[in-house]
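Predicted, not measured: the structure shown is a model, and the values here were computed from it. Keep in mind that the numbers below use all heavy atoms, side chains included, and drop hydrogens, waters and symmetry copies.
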Number of protein chains: 2
Amino acid sequence: MSQDAIPRRVTIREVGLRDGLQSIATIVPTEHKLQWLRDAVAAGQRESEVGSFVPPRLMPQLADTEEVLAFAKTLPGLRASVLVPNLRGAERALDGDADLMILPLSASQAHSLANLRKTPDDVVAELARIRAARDASGRKTLIEGGVGTAFGCTIQGRVEESEVLRLMQALLDAGADRVSLADTVGYADPGSVSRLFEKALKIAGDRFCCGHFHDTRGLALVNVHAALQLGVDRFDASLAGIGGCPHAPGASGNASTEDLAFMLAAMGIETGLDIQALLALRARVAGWIEGEPTHGALWRAGLPKTFVAPAALA
Amino acid sequence: MSQDAIPRRVTIREVGLRDGLQSIATIVPTEHKLQWLRDAVAAGQRESEVGSFVPPRLMPQLADTEEVLAFAKTLPGLRASVLVPNLRGAERALDGDADLMILPLSASQAHSLANLRKTPDDVVAELARIRAARDASGRKTLIEGGVGTAFGCTIQGRVEESEVLRLMQALLDAGADRVSLADTVGYADPGSVSRLFEKALKIAGDRFCCGHFHDTRGLALVNVHAALQLGVDRFDASLAGIGGCPHAPGASGNASTEDLAFMLAAMGIETGLDIQALLALRARVAGWIEGEPTHGALWRAGLPKTFVAPAALA
C-alpha cells in the first residue's frame with residue numbers, strides 16, 4: 001500500500017438513482033430521474049446505476065427502471081448499470097441492453113437469508129444461470145457480482161474474511177465478469193479495507209472493479225483512501241449521500257458523490273466531473289426529495305479558494 | 001508513507017473546551033467545563049486544551065480559563081494545555097503552571113495581519129520572548145508553536161509550502177519545544193497532507209507533535225489517515241466536532257473526537273479512550289450547548305456489533 005499505487009484516474013459510479021432512491025419514501029417522478037441523468041452526464045459522469053429490476057410492488061420507487069434505462073442508453077458516454085436480484089431481473093436487464101448488471105450477494109449467511117431468502121451459495125448458482133442467459137442472448141451486458149456485508153453484518157455480526165474471499169472466487173468461477181466489495185452496514189475501517197482489498201485484488205486482479213462504502217460512521221472517504229492506495233479506481237457514491245440503508249435515523253448513507261469528487265480532484269486525480277455542476281445538480285435533487293435526509297459537507301462549504309481541477313488525461 | 005509507519009498508540013488532544021467553545025455563542029458555565037474535564041479523564045482522555053489566555057472581553061466564553069486550568073491540574077493523568085496569543089498570555093499560562101502552552105502562528109501573511117495584527121515573523125519573535133520568560137520562570141510548561149493556515153487561507157488563498165516550513169523552522173530556532181500544523185480553514189486533502197507533513201517531519205523530527213484538521217469539507221479523518229501513515233501520533237479533535245471556525249453556516253468544524261476515536265480503535269490503535277463513555281459525555285455537552293451546531297456520525301449510528309476495543313499497551 002503506497003502513494004505510488006494511487007491511480008491517476010478514478011471513476012465514480014453514481015448509485016443515487018438506485019441505492020439512493022430505493023432507501024427513501026419519496027417517489028421521484030421519471031422525468032426528474034431523466035433530468036438527473038442528463039445533468040449528470042453534462043457534469044462529466046461516466047457511469048451510473050439507473051435502477052433495479054426487482055418486482056415494482058416491492059420497490060415502487062424504482063418501478064420505472066425500464067424507462068430510465070432506455071433513456072440512459074441514449075446518453076453518449078454513459079455506462080448504465082442496473083441491479084438485478086435474480087435471473088428474472090437479469091432477463092429484463094438484457095432486454096433493456098444494460099451496459100452492466102450487478103447481482104448482489106451477501107457474505108453474511110444470516111443477512112442473505114433474511115433479505116434474499118437465499119444462501120450466498122444459492123446466489124452464486126443464480127449468477128451461473130445469469131451468465132448462461134447473457135451468453136445465449138448475444139448481449140454485451142457485463143455481469144458484476146457484488147459481495148456485500150463484506151466487513152460485517154448488523155444481524156450476524158462478524159463475517160469472516162475467508163468467507164468473503166471464497167464467495168468472490170465462487171462468483172468469478174460461476175462466470176462473473178467483475179466483482180466488487182461493499183461495506184453494506186458501515187463497519188469497515190481503513191485497516192480492514194487494506195487487509196481485505198489486498199487479498200481481493202490478488203484473487204480477482206483486473207476483474208476487481210469497485211469499492212462501495214457507507215458513511216454510517218463517518219469513514220466512507222477514509223475507506224476510499226485506503227482502497228485507492230491499493231490501486232482501486234472505481235467507487236460507488238450517491239449524490240447528497242442518500243441511500244445506503246442507514247440503520248439509525250439520520251445516519252449517513254453512501255459516500256457522497258460531491259465530497260468524494262472533491263477529495264479526488266484535490267488529490268490531483270482525474271474523475272471527469274465538474275464539481276460546480278455536480279453541486280448544482282445536488283441542489284436540484286435535494287429539492288425533489290425535500291424532507292428526506294441528505295448528507296455531505298462540500299455543498300455547505302463550497303470549493304476552497306485555492307481549488308484547481310486536475311487536467312483531463314488523454 | 002506506509003501501513004507499517006502507523007503508530008500503535010495515538011493521543012487525541014481534546015480542543016473542544018478551547019477551539020470548540022470559543023466558536024459558539026453559548027457561554028458554558030465553569031462548573032460544566034469542570035464536569036467535562038472530569039468525565040473526559042474518566043473516559044481515558046490524556047490531553048486537553050482547557051482554554052485561552054486572551055483578554056476576557058474579546059472572548060467571554062473562555063474568561064474562566066484560569067479556574068479551569070487550576071482544576072485541570074488537579075486531575076491525575078491529564079496534560080492541560082492553553083492557547084496563548086502573546087507574551088502576556090504566556091505569563092498567565094506560566095502562573096497557572098500549564099503543562100503546555102500553544103502559540104498560534106498563521107502562515108498566511110494576510111490572515112496573520114487580519115487576525116493577529118502581526119506578521120508571522122512578529123509571532124516568531126514573540127515565541128522567543130515567551131521562551132525566555134518560561135526559562136526564567138523555572139516552570140516546566142512546554143511551548144508549542146502551532147503553524148495555522150498551513151494548507152491555504154480563505155483571505156490570501158494559496159500559502160506556499162516553503163513558507164510554512166520556513167516558519168516552522170523559525171519557531172524551532174526561536175525556542176519552541178514542539179511544533180504542529182493546522183489546516184485552519186479545511187483546505188487540506190490527503191495528498192497535500194502527505195507532502196507537507198513528510199517535509200515537516202524531516203525538519204522537526206521528534207519535535208513535530210500534532211496534526212489539527214478541520215472537517216469543513218468532510219476530509220478531517222482522511223487527512224488524519226494520511227498523517228498517521230507518516231507516523232504522526234497526536235491529533236487535535238473536538239467532542240461533537242464543535243468549533244473550528246467554520247466559514248459557512250452549518251459547516252463542520254474540528255475533527256470529531258468520538259468519530260476519530262472510533263476510527264483509530266477500529267484500526268487497532270490504542271488511544272486510551274472508552275468510546276461509550278465519550279459518547280455519553282458528548283450527549284451531556286450537546287445538551288449544554290443546545291441549539292449550537294454539532295457534528296459527527298458515530299453518536300447516531302453507535303458502535304458496530306463487531307467492535308472490539310484495542311488492548312491497552314504496556
Side-chain angles (χ1 to χ4, degrees), chain A residues 1-4 6 151-159 185-192 194-195 215-226 228-229 246-252 256 258-260 262-269 295-307, chain B residues 1-4 6 151-159 185-192 194-195 215-226 228-229 246-252 256 258-260 262-269 295-307:
Chain A
M1 182 164 123
S2 79
Q3 285 288 78
D4 303 334
I6 292 181
F151 295 89
C153 165
T154 47
I155 305 169
Q156 173 176 315
R158 213 174 143 75
V159 173
V185 297
Y187 276 17
D189 68 84
S192 56
S194 292
R195 286 191 299 276
D215 205 32
T216 322
R217 291 171 180 82
L219 303 189
L221 294 185
V222 68
N223 290 335
V224 167
H225 186 236
L228 270 180
Q229 292 180 305
H247 292 274
S252 294
S256 120
E258 62 278 15
D259 287 11
L260 176 56
F262 164 64
M263 179 180 90
L264 294 170
M267 294 174 73
I269 297 168
H295 310 284
L298 186 72
W299 71 279
R300 291 188 201 268
L303 287 168
K305 205 168 183 170
T306 52
F307 180 78
Chain B
M1 182 164 122
S2 78
Q3 285 287 79
D4 303 334
I6 292 181
F151 295 89
C153 163
T154 48
I155 306 169
Q156 174 177 312
R158 213 176 142 75
V159 173
V185 298
Y187 276 17
D189 68 83
S192 57
S194 292
R195 286 191 299 276
D215 205 33
T216 321
R217 291 170 181 81
L219 303 189
L221 294 185
V222 67
N223 290 334
V224 166
H225 186 236
L228 269 180
Q229 293 180 305
H247 291 275
S252 294
S256 121
E258 62 278 16
D259 287 10
L260 176 55
F262 164 64
M263 179 179 90
L264 295 170
M267 293 174 72
I269 298 169
H295 309 284
L298 186 71
W299 71 278
R300 291 190 201 265
L303 286 170
K305 204 166 182 171
T306 51
F307 179 77

#### Entry: Choice from A:Ile269, A:Val159, A:Val224, A:Leu303 maximising heavy atom contacts with chain B below 4.5 Å
A:Leu303
### Message
Tell me if a side-chain donor or acceptor on A:Gln156 pairs with a main-chain N or O of A:Arg158 at a distance below 3.5 Å.
### Response
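Checking the backbone N and O of A:Arg158 against the side chain of A:Gln156, a donor-acceptor pair under 3.5 Å is found.
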### Message
Using heavy-atom distances under 4.5 Å, tell me whether A:Ile155 contacts chain B through its side chain, its backbone, both, or neither.
### Response
backbone
### Task
Between chain A and each of B:Lys305, B:Met263, B:Arg217, count heavy-atom pairs under 4.5 Å; write down the option with the most.
B:Arg217
### Query
Taking every heavy-atom pair that is under 4.5 Å apart, which of B:Asp259, B:Asn223, B:Leu221 has the most such pairs with chain A?
B:Leu221
### Query
Of all residues at least two apart in sequence or in a different chain, which pass the side chain to side chain donor-acceptor pair (under 3.5 Å) check with B:Thr306?
none
### Query
Hey, does B:Ile6 have a side-chain heavy atom less than 4.5 Å from the side chain of B:Met267?
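When only atoms from C-beta onward are counted, B:Ile6 and B:Met267 do touch, with a gap below 4.5 Å.
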### Query
Do the rings of B:His225 and A:His225 sit parallel, tilted or perpendicular, given the 30° and 60° boundaries?
perpendicular
